[in-house]
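To start, the structure under review is shown below, and the notes come after it.
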Amino acid sequence: GTLLLNRGLALVPHGSAARLDATPAGEVIYRKLGFAAEYGLARLFLDATPRSALRTEGARPLAGGDWPAILDMDAHAFGASRAALLERLAAEAPEYAWVVESHGRLQGYLFGRHGHVREHFGPLIADRAETAGLLLDACLAAHPDRNIFIDVPDDQDEFRARLDQLAFAIERPFLRMYRGRLTAQGQPSRVYAIAGPEFG
């Protein structure tokens, strides 16, 4: 769907609802406009440092044959198709496109994009925290010199613990909000990092 930008925050059509990611200051404004909280997130960052004990076995770069399973898993996790966005991310930053599969079944995937201040990892969708951590580790191991942003839901405690081990620090919190009726909420438990406030 089309992303409608409002003061740098994305309004994401989602069923019959509009979604956005608000800063703490913006939350007050958007509540007055009828938006309600969906879930909290935090932007974390990691500047390039020596990284030890990164696990890589089981993760690999995305291949062309992975797309049907990725698009199916993503539509269920997000609640709507993001095919155009994911394909664009893979084309513009292929080095950040990673997957984990087991016995021919997709368990998770990571995309990323280039930024002015830091590179941005996400979306990261996985069947469990262990898979999410493996995808993150593999991408970090392949690019140890990169400075990273990642936007992670507050309730992903196990994954957040892994970020703490890697010395990620919180830059700022924000809140995913919606107005209207969420007809397809997706599977938030599988979302370990979003694409970013400007993408949903």
Side-chain angles (χ1 to χ4, degrees), residues 12 14 19 21 38-46 51 53-90 93-113 118-143 146 148-168 170 174 176 184-197 199-200:
V12 185
H14 197 273
R19 276 172 152 172
D21 295 320
E38 187 175 355
Y39 57 85
L41 301 111
R43 169 160 289 185
L44 297 100
F45 68 94
L46 178 68
R51 298 171 181 125
L54 292 174
R55 302 163 299 153
T56 61
E57 186 176 354
R60 61 169 175 79
L62 177 147
D66 297 321
W67 278 109
I70 287 173
L71 296 180
D72 181 66
M73 188 175 185
D74 194 74
H76 283 91
F78 185 66
S81 174
R82 297 190 292 181
L85 171 62
L86 299 184
E87 290 167 0
R88 191 179 96 194
L89 292 173
E95 67 271 36
Y96 299 147
W98 290 75
V99 300
V100 169
E101 64 177 357
S102 178
H103 305 292
R105 182 176 178 275
L106 182 71
Q107 294 181 302
Y109 51 90
L110 168 67
F111 290 93
R113 56 191 167 88
R118 295 181 176 87
E119 304 293 84
H120 197 288
F121 286 0
L124 197 172
I125 308 295
D127 59 351
R128 59 187 185 275
E130 181 181 357
T131 302
L134 177 57
L135 285 161
L136 178 65
D137 280 15
C139 197
L140 288 174
H143 307 289
R146 309 290 169 88
I148 307 300
F149 275 136
I150 188 168
D151 298 330
V152 181
D154 290 344
D155 61 359
Q156 294 292 9
D157 295 334
E158 187 176 345
F159 184 59
R160 289 282 290 268
R162 178 58 182 153
L163 295 173
D164 288 343
Q165 292 174 351
L166 293 170
F168 275 83
I170 294 178
F174 53 101
R176 176 148 290 184
Q185 294 185 356
Q187 299 169 323
S189 65
R190 292 192 167 200
V191 178
Y192 288 86
I194 67 169
F199 295 104

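For the single chain, residues carry numbers from 1 onward in sequence order. Only heavy atoms go into these numbers, but all of them, side chains included; no hydrogens, no water, no symmetry mates.
Contacts of Leu124 classified as side-chain contact (heavy atoms from CB on, under 4.5 Å), with partners at least two apart in sequence or in another chain: Leu110, Ala126, Ala132, Leu135, Phe159, Tyr192, Ala193. Judged as a side-chain contact (heavy atoms from CB on, under 4.5 Å), and not counting sequence neighbours, the contacts of Ala93 are Glu95, Tyr96, His114. Asp137 meets the side chain to side chain donor-acceptor pair (under 3.5 Å) test with Arg55, Arg162; sequence neighbours excluded.
Taking the side chain as every heavy atom from C-beta outward, Phe78 and Ile125 never approach each other to under 4.5 Å. In this structure the side chain of Pro153 reaches within 4.5 angstrom of the side chain of Leu41, judged on heavy atoms. Put simply, the side chain of Leu106 does not reach to within 4.5 Å of the side chain of Asp66, judged on heavy atoms.
No more than 12 heavy atoms of other residues, nucleotides or ligands sit less than 6.0 Å from atom CD of Glu130. Surrounding CD of Gln165 are more than 12 heavy atoms belonging to other residues, nucleotides or ligands, all under 6.0 Å away.
Pairing each heavy atom of Asp151 with each of Gly196, the nearest pair is OD2-CA, 3.6 Å. In plain terms, the two heavy atoms of Gln107 and Thr131 that are nearest each other are O-CG2, 3.7 Å. The two residues Met73 and Asp127 come nearest to each other via the heavy atoms CE-N, 3.9 Å. When all heavy atoms of Phe149 and Arg118 are compared, the pair lying nearest together is CZ-NH1, 3.2 Å. Among all heavy-atom pairs drawn from Phe111 and Ala90, the shortest one is CE2-CB, 3.8 Å. Between Glu87 and Leu71, the closest heavy-atom pair is OE2-CD1, 4.2 Å.
Between the side chain of Tyr109 and the backbone N or O of Leu62, no donor-acceptor pair lies under 3.5 Å. Between the side chain of Gln156 and the backbone N or O of Val191 there is at least one donor-acceptor pair closer than 3.5 Å. A donor-acceptor contact shorter than 3.5 Å is absent between the side chain of Arg113 and the backbone of Arg88.
Atoms CG and CG, on Leu136 and Leu54 in that order, are 8.0 Å from each other to the nearest 0.5 Å. Taken to the nearest 0.5 Å, the CZ atom of Arg146 stands 13.0 Å off from the CG atom of Leu46.
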